[in-house]
Colleague: 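I have a structure I would like to understand better, so I am pasting it below and will then ask my questions one at a time.
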Amino acid sequence: MGDSLASLNDKQREAVLETEGPLLILAGAGSGKTRVLTHRIAYLIAEKGVNPWNIMAITFTNKAAGEMRNRVDALVGMGSESIWVATFHSSCARILRRFADRLGYDTSFTIYDTDDQKSVMKEVCKYLQIDTKQLKERTILNAISGAKNELIDEVKFAEMTYGDFTQQRISNAYTEYQNRLRKNNAMDFDDLILNTVELFRSNPDVLALYTERFHYVHVDEYQDTNTAQFKLVELLSGGRRNLCVVGDDDQSIYRFRGANIRNILDFERVYPDATVIRLEQNYRSTQNILDAANGVIANNVGRKEKSLWTQEDAGRLIHYRPFDTAPQEAEYIADEIRHEVKKEGRTYGDFAILYRTNAQSRLLEEYLVREGIPYQVVGGVNFYSRKEIKDLLAYLKTIDNGRDDLAVKRILNVPKRSIGQTTIGKIEQYAIDHELGFYEALFLADQIPSLGKAAEKIHNFTTMIQAFRAKTEFYSLSELLEDIMDTISYEDYLHDDADSEEEYEGRIENIDELISKLVDFEQNRENADLSAFLEEVALVADIDSVEEDPDRVLLMTIHGAKGLEFSHVFLAGMEDGVFPGYMTISGGDREEMEEERRLAYVAITRAREELTISCAKARMLRGNTQYNPVSRFVREIPPQLMDNRIPKSRNPFADEQEDTLPFDRPFGDYPVRKESTKPSIFKTPYSTPGGRTLPKARPFALPKPAVTPVKAKPFLAKADAGAKQTSAAGAGFASIKYGVGDQVRHQKFGIGVVKAMEPGPRDTKVTVDFEEYGTKIMYAAFAKLEKTQ
DNA sequence: GTGCCTGCTCACGGG
DNA sequence: GAGCAGGCAC
């Protein structure tokens, strides 16, 4: 232990030794805060004799929790497993699984994700006759989420809306929404926190159970906590008041999600006896990168003054690369990565491409695929919100218990059973009239008037579900899932439903991944029941799925990159209107602009050795081409830190003052690749006010021949989003080498005989009678039928 | 009830 | 540019 303490710097050691009372650790980016936290926990156990059972550490993501757990395990060894290390949401879920009955929920409650919330809100709006063109579901849900984050429940909300018509409608929707969640025995993400606080407030005995357990409470990423989370932490640490929070106000980037930056800024006011320790020595980046970050963040007013420094060298200058168009930018990045891997011995895993919005990933992916560079996109559509995954989970949920109406409705007609909206409406009405759950009402289908033939279809459905239920006795989860897929011919359904063979294959890949997750879960959990799995699934974040070793470039939003670091970071799309976003610029809200600036700070500090900032004069946004000036954040970086200037032409809308700023600086060591003879992408070389011609940004390849791009490598399923838009070329239907009467082979359906061929405007419809699967009608391009000999 | 077409809206970030 | 609701034909 003494050894490990010696490995810390003075400030870090101070933070470890200051074990009693409230403590705020202001930890700048890369200042070793996880190290401090883990050493602190180890110190508590080894030197202070604290029982691991009495220590709690809360994080925001499972990944962060997992990392902390591993590092603590390594330091502490035996006994570390009884430390409570978990995310806010899973901590609350765990507590509520034990005590939710005190709040009138069943402890087997389900957790609703964003999609589920939207479905419920849709029904609510319909029910309350709210015109969703005037008042969107999203708007209402945002209002509700905002309220919950501030610990305002539907009753309080109603009291606050007096006299405001729109607010009253939202209030009504809030009330109805909560009613429905409660009826479905469901909680949304915000409810997990809100309900736990509520549980503690109304049940002192339950609270005492936890305050007696947690003698030392640690909170990571404290700047991202919202009011409800603050209250929760306050309650949990209320016993001995040994509360240690770690955060960086400069990295607070979740205001839109209710994060209250005042929690960290006012910590000393709330806890007047608090000790504050600043960690400003950075162990990650070069001084140039830190100076750039410091230069940008210094423009914020509402912050705690601090400045990062390092003992390391200045390092290389920041690469600034302006382009005419977004595709050129993407091509440059892909080419640069390929070059550095080939010539400079880097690995793909050294690189990350960061951007402001998920939509920007598409273009970048296209060029990475073209260059054959393996990559993984983090974020976008969450694995568990994919249609096929949600379908199958809805089956599992319904088999587990039919209390989640949403899940039952989702699968009632998947695959198609000719049970439509009208029938569902009638059952719903019947359920309401007789105070039944939706699933219960299904059993009484033959008593529901005017259901007609649909009643029998419903009967078949419930019989099937009951049969599955009976099987859960002797089936494992994965076996059950495979049995479901078999029984409902889910693969056939997906195949018919898909727009392309590639889409279908992607979905199958996802299902395979789900099955391996299930198997993995069953092997590594003691009580591997369905509810436990569903809970784990409900709380995973995108970043959680990123694996450590694979050698590939990571693409993600800046939000997704928080807490990560890379040797070489590409920061793409640095234009006013993209980053900071159009809304922020036109909104004129200073705090919002400061949040964007903090995001820029986070982005810059992800880089260890090299940072390449790029932008494009012309970019396709929302379907039309936009011309944006270089981001103000780039112009806030001291120009002498960059290896390229901001030429006037890059910045058509900037005023003189801003535009001239970077030009009176010496020229940097801008590298030009000597070995390349490829023509420049720039039509005209930039000229500077001084009349000197700028060296070209590194010349790169002309567009390559239009071959069908090959997916770089079948990495995680998430990469499939990228493969999708490049698929069309391969699916041409130019040569159909079979005719009516021929025997053909299909990849999935096997051998069959062509019964009919009907040419259409886009593609030929082929009817095939398969030996095993019967008659199928398919499009020639997608079916990829092969004539057998 | 299903499938197709059209026209509209929405385009920031995420547990 | 994409996804979705609503209208329409079958």
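Because only heavy atoms are used, hydrogens play no part in the values below, and waters and symmetry mates are left out as well, while side chains stay in. In the text below, chain A, chain B and the rest are named by the order of the sequence lines, each starting its count at 1.
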Colleague: Name the nucleic acid region contacted by A:Phe60, choosing base, sugar-phosphate or nothing; use a 4.0 angstrom heavy-atom cut-off, strictly under.
Modeller: sugar-phosphate
Colleague: Looking at A:Asn413, I'd like to know whether one of its side-chain N or O atoms comes within less than 4.0 Å of OP1 or OP2 on B:dT2.
Modeller: yes
Colleague: Look at the side chain of A:Lys416 and decide which nucleotide, out of B:dG13, B:dG15, B:dG3, has an atom nearest to it.
Modeller: B:dG3
Colleague: Quick one: do the A:Asp391 and A:Tyr493 side chains pair a donor with an acceptor below 3.5 Å?
Modeller: no
Colleague: What nucleotide, of B:dC12, B:dG15, B:dG14, holds the atom closest to the side chain of A:Asn358?
Modeller: B:dG14
Colleague: What's the closest nucleotide to the A:His559 side chain, out of B:dG15, B:dG1, B:dG14?
Modeller: B:dG14
Colleague: Please list, pair by pair, any protein nitrogen or oxygen found under 3.5 Å from a nitrogen or oxygen in nucleotides 5-9 of chain C.
Modeller:
unit_1 : atom_1 : unit_2   : atom_2 : d
C:dA5  : OP1    : A:Lys122 : NZ     : 2.5

Colleague: Assuming nearest nucleotide by heavy-atom distance, tell me which of A:Met583 and A:Thr423 is located more 5' along DNA chain B.
Modeller: A:Thr423
Colleague: If you compare every side-chain N and O of A:Thr114 against the phosphate oxygens of B:dG15 (OP1, OP2), does one of them come in below 4.0 Å?
Modeller: no
Colleague: Taking the nucleotide of DNA chain B with the nearest heavy atom to each, does A:Glu595 or A:Ile424 sit closer to the 5' end?
Modeller: A:Ile424
Colleague: For A:Arg94 and B:dG15, what is the distance between atoms CZ and C1' respectively, to the nearest whole Å?
Modeller: 18 Å
Colleague: For B:dG15, does either OP1 or OP2 sit under 4.0 Å from a side-chain N or O belonging to A:Asn62?
Modeller: no
Colleague: Between A:Glu594 and A:Arg590, does at least one N-O distance fall below 4.0 Å, as a salt bridge requires?
Modeller: yes
Colleague: Side chain of A:Arg362 only, heavy atoms from C-beta on: which candidate in C:dG1, B:dG13, B:dG14 is closest?
Modeller: C:dG1
Colleague: Round to the nearest Å and state the distance from A:Leu192 atom CG to B:dG14 atom C1'.
Modeller: 15 Å
Colleague: Could you tell me how far apart A:Arg255 (CZ) and B:dG14 (P) are, to the nearest whole angstrom?
Modeller: 17 Å
Colleague: For A:Glu594 and B:dG13, give me the distance from atom CD to atom P, rounded to whole Å.
Modeller: 22 Å
Colleague: Verify the distance criterion only: is there a donor paired with an acceptor across the side chains of A:Asp248 and A:Tyr222 at less than 3.5 Å?
Modeller: no
Colleague: A:Ile585 CD1 to B:dC12 C1': how many Å, rounded?
Modeller: 12 Å
Colleague: To check you understand the geometry: which heavy-atom pair defines the closest contact between A:Arg619 and A:Gly573, and what is its length?
Modeller: NH2-CA, 3.2 Å
Colleague: Describe the nucleic acid contact of A:Thr87 in one word from base, sugar-phosphate, nothing, applying a heavy-atom distance below 4.0 Å.
Modeller: nothing
Colleague: With the six-membered base ring of B:dG13 as reference, does the ring of A:Phe256 sit under 5.5 Å away with planes under 30° apart?
Modeller: yes
Colleague: Tell me what A:Thr584 touches on the nucleic acid: a base, only sugar-phosphate, or nothing, going by heavy atoms under 4.0 Å.
Modeller: nothing
Colleague: Roughly how many Å is it from CG in A:Asn149 to P in B:dG14, rounded to a whole number?
Modeller: 16 Å
Colleague: Across the strands shown, which category fits A:Gln360 at heavy-atom distances under 4.0 angstrom: base, sugar-phosphate, nothing?
Modeller: nothing
Colleague: For the pair made of CZ in A:Phe579 and P in B:dA11, what is the distance, rounded to whole Å?
Modeller: 19 Å
Colleague: Take atom CG of A:Asp115 and atom P of B:dG14, then tell me their distance rounded to the nearest Å.
Modeller: 14 Å
Colleague: If we ignore angles and hydrogens, is there a donor and acceptor under 3.5 Å between the side chains of A:Thr59 and A:Asp220?
Modeller: no
Colleague: Of all the nucleotides listed (B:dG14, B:dC12, C:dG1), which has the minimum atom distance to the side chain of A:Met620?
Modeller: C:dG1
Colleague: Against A:Asp250, only a single residue in A:Arg303, A:Arg598, A:Gln223, A:Arg597 fulfils side-chain hydrogen bond (donor to acceptor under 3.5 Å, both in side chains); can you say which?
Modeller: A:Arg303
Colleague: Can you see whether A:Tyr112 engages A:Asn184 through a side-chain donor-acceptor pair at a distance of less than 3.5 angstrom?
Modeller: yes
Colleague: Whether the A:Gln178 and A:Lys148 side chains hold a donor-acceptor pair (N or O, under 3.5 Å, no angle test) is what I'd like checked.
Modeller: yes
